[in-house]
Amino acid sequence: MCTGLCTTAARQLGTTIRFDIIMDGLKIPCGITMQAIEKLIGADRKDPVDTLQTHGMFLEELASRIVDSKRFEPDGSVLIRPEDLANAG
């Protein structure tokens, strides 16, 4: 069970916005690519960290599903890509 999206620590690193979720008491590092953010909000280039706050619950659920499917990056983090948004609906 996911218990929260930690937007206070959200930060942009290159072409990825990094954030953490708390799931079953564990902090899991996550990220969303800029391409996925553009797909989520359209061509609007508002602050991508604001996107986490606006769409936080959706992204938290999506990250949680990726964790449940055990699809981790080599560093143990979870990365939301544009195709994840297409498969989320």
Side-chain angles (χ1 to χ4, degrees):
M1 167 183 232
C2 191
T3 58
L5 175 70
C6 302
T7 58
T8 55
R11 62 230 173 260
Q12 184 168 353
L13 296 174
T15 59
T16 305
I17 302 297
R18 306 300 296 182
F19 59 96
D20 299 309
I21 62 171
I22 307 299
M23 193 167 172
D24 296 328
L26 299 173
K27 184 166 81 168
I28 300 171
C30 301
I32 181 169
T33 66
M34 292 303 291
Q35 294 86 358
I37 287 176
E38 289 171 3
K39 182 175 180 128
L40 181 63
I41 63 173
D44 182 17
R45 289 299 232 154
K46 72 178 200 173
D47 181 1
V49 175
D50 286 345
T51 301
L52 288 179
Q53 294 172 336
T54 303
H55 300 281
M57 292 196 59
F58 171 74
L59 295 173
E60 175 185 329
E61 176 61 31
L62 188 53
S64 179
R65 283 190 244 159
I66 294 170
V67 169
D68 288 343
S69 70
K70 300 186 183 346
R71 200 189 86 210
F72 295 96
E73 297 299 303
D75 66 358
S77 68
V78 168
L79 185 62
I80 299 171
R81 296 181 173 86
E83 56 269 21
D84 296 316
L85 297 173
N87 297 329

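Note that the structure is a prediction, hence the values are computed from the model and not measured.
No side-chain donor-acceptor contact under 3.5 Å links Asp24 to the backbone of Leu26.
With rounding to the nearest 0.5 Å, the separation of CD in Glu83 from OG1 in Thr33 is 8.0 Å. Atoms CG and CD1, from Leu62 and Ile21 in turn, are 9.5 Å apart once rounded to the nearest 0.5 Å. In this structure, the separation between CG on Leu85 and CD1 on Ile32 is 5.5 Å, given to the nearest 0.5 Å. Atom CD of Gln35 is separated from atom CD1 of Ile80 by 13.5 Å, given to the nearest 0.5 angstrom. Rounding to the nearest 0.5 Å places CG of Leu40 at 12.0 Å from CG of Asp84. Between the CG atom in Asp20 and the OG atom in Ser77 there is a gap of 10.0 Å [rounded to 0.5 Å].
Smallest separation of non-hydrogen atoms from Met34 and Thr16: CG-N, 4.3 Å. Of all heavy-atom pairs spanning Arg18 and Gly31, the tightest one is NH1-CA, 4.0 Å. Among all heavy-atom pairs drawn from Ala86 and Lys39, the shortest one is CB-NZ, 3.9 Å.
Using a 4.5 Å heavy-atom cutoff, the side chains of Asp68 and Met23 are in contact.
Residues passing the side-chain hydrogen bond (donor to acceptor under 3.5 Å, both in side chains) test with Glu73 are Arg81, sequence neighbours excluded.
Shown are Leu79, Ile28, Val78; of these, the side-chain contact (heavy atoms from CB on, under 4.5 Å) with Ile66 is made only by Val78.
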